[in-house]
Amino acid sequence: MPLLHHLDQGQGRPLVILHGLFGTLDNWQSLARRWATEAGLRVVSVDLRNHGRSFHSPEHSYALMAQDVLELFDHLGLGADVTLMGHSMGGKVAMRLALDHPERLARLIVVDIAPRFSDMEHQDDILAGLQSVDFTTCTNRQEADAALAKHVPNVGTRQFLLKNLYRKEDNTFAWRINLPVLAAQLAAIGEATTAPAPFLKPALFIRGGKSDYITTNDKLHGIPALFPNSEVATVVDAGHWVHAENPEEVFGLVKAFARQ
């Protein structure tokens, strides 16, 4: 497989960032720049397979995505002092890599996702909206937004999804994400993270106080079972997109943890 598309900035201890479902590395760029310039970190933002500017593949699994990231580690010459951070789907990729290859990481950050099975039914409206955009007639971003709005009323969610819109060489529009494969693999994207042995190094789970992706039971049982040396930090006034809704608090939490 080709190498994952990525952006490498700053110098110092490496922090590698993995976005969530339907996301791109662009979702993290404001914070990534700050960690590179203000926190003295080498920040590598990644587009996962079937997302952003990375390659499209008919296969989409956590084992394969973790392997993609490992190959990027090798390409960049990253040693064992890596902090790997992932949000949502990217958090499950990060957990998979940490559990399978603990020797490749120094610490793990997971943003608003737990190891347990995640019900993906709430993504059905988003999928319907993305699939409803007719690129044979869509001539601008406003028309794509209008089509999405019939299924996705939340403006912030639509703005997030529209980051995937791009203009091709023939001047027509398309989604950067591999929508047919992601739709077909949606159930697998929700699968639980399991492992025969826990990840014993430091782990930080950042949860949104208004989100139900990490529950009290996850905090007390599910997370410590696989990540016994973990802590859960709650960003009280944020939902699932914690880093977009309270970037200042997320900046501070990650800076302190990655530099410890």
Side-chain angles (χ1 to χ4, degrees), residues 1 4-5 17-28 46-69 85-97 99-100 110-135 144-145 147-154 156-166 173-195 207-208 211-215 218 222 226 239-244:
M1 285 293 180
L4 294 173
H5 176 255
I17 305 174
L18 311 178
H19 60 77
L21 181 63
F22 306 133
T24 76
L25 64 79
D26 292 340
N27 304 143
W28 285 87
V46 179
D47 278 339
L48 293 166
R49 66 166 56 200
N50 293 317
H51 289 77
R53 290 173 171 80
S54 282
F55 61 88
H56 284 192
S57 167
E59 298 178 293
H60 195 85
S61 71
Y62 286 114
L64 288 171
M65 286 188 279
Q67 187 60 41
D68 294 340
V69 175
M85 176 169 70
H87 171 243
S88 201
M89 180 189 75
K92 285 198 167 181
V93 177
M95 286 189 273
R96 181 76 276 143
L97 194 154
L99 290 161
D100 291 348
V110 177
V111 183
D112 211 54
I113 197 74
R116 64 175 162 81
F117 171 78
S118 306
D119 187 350
M120 302 303 288
E121 282 186 11
H122 62 285
Q123 300 288 352
D124 288 349
D125 288 342
I126 287 177
L127 271 179
L130 290 167
Q131 291 166 334
S132 74
V133 180
D134 182 358
F135 289 120
D145 184 48
L148 271 177
K150 295 172 184 175
H151 300 272
V152 185
N154 184 276
T157 304
R158 293 204 308 277
Q159 288 175 339
F160 162 75
L161 294 170
L162 286 166
K163 287 182 180 293
N164 289 291
L165 192 68
Y166 79 108
F173 284 94
W175 297 123
R176 287 200 183 278
I177 49 173
N178 189 347
L179 188 56
V181 166
L182 296 178
Q185 297 295 328
L186 198 60
I189 292 168
E191 73 181 22
T193 303
T194 60
R207 67 179 289 268
S211 169
D212 59 2
Y213 278 78
I214 295 179
T215 65
D218 294 324
L226 286 173
H240 183 54
W241 281 278
V242 193
H243 50 296

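Computed from a predicted structure; not experimentally measured.
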Considering only heavy atoms from C-beta outward, does the side chain of [X] approach that of [Y] to under 4.5 Å?
X	Y	answer
L182	H60	yes
M120	L21	yes
M95	V110	yes
V93	L97	no
L18	M85	no
F22	L127	yes
I126	H151	no
I17	V46	no

So, [X] side chain and [Y] main chain: donor-acceptor pair closer than 3.5 Å or not?
X	Y	result
K92	R116	yes
S88	G90	no
R207	I214	yes
K150	S132	no

Give the minimum heavy-atom separation between [X] and [Y], together with the two atoms involved.
X	Y	result
N154	T157	OD1-N, 2.8 Å
A144	L165	CB-CD2, 4.0 Å
G86	A94	N-CB, 4.2 Å
V133	A147	CG2-CB, 4.0 Å
L130	I177	CD1-CD1, 4.0 Å

I need the [X] [atom1] to [Y] [atom2] distance, nearest 0.5 Å.
X	Y	atom1	atom2	result
L48	L64	CG	CG	12.0 Å
D212	H122	CG	NE2	8.5 Å
L161	K163	CG	NZ	11.0 Å
N27	W241	CG	CH2	9.5 Å

Test side-chain hydrogen bond (donor to acceptor under 3.5 Å, both in side chains), reference D112, set H243, H240, H87, output is H240

Can you name the ring-ring contact (aromatic ring centres under 6.0 Å, His included) partners of Y62, sequence neighbours left out? none

Who passes salt bridge (Lys or Arg N to Asp or Glu O under 4.0 Å) against D100, sequence neighbours left out? R96

Which residues pass the side-chain hydrogen bond (donor to acceptor under 3.5 Å, both in side chains) test with S54, sequence neighbours left out? none

Are R158 and D145 close enough for a salt bridge, meaning some N to O gap below 4.0 Å? yes

Is there any side-chain hydrogen bond (donor to acceptor under 3.5 Å, both in side chains) pair reaching into residues 174-195, and which pairs are they, with sequence neighbours excluded? N50-N178

Going by the salt bridge (Lys or Arg N to Asp or Glu O under 4.0 Å) test, which pairs reach into residues 118-129, not counting sequence neighbours? none

Any salt bridge (Lys or Arg N to Asp or Glu O under 4.0 Å) pairs touching residues 47-61, not counting sequence neighbours? R49-D68

For Y166 and N164, run side chain to side chain contact (heavy atoms under 4.5 Å, CB included): C-alpha distance rounded to whole Å, both residues' side-chain angles, the deciding distance at 0.1 Å, then the answer. CA-CA 6 Å; Y166 79 108; N164 289 291; over 6 Å; no

How are the rings of H51 and H19 set to each other: parallel, tilted or perpendicular (split at 30° and 60°)? tilted

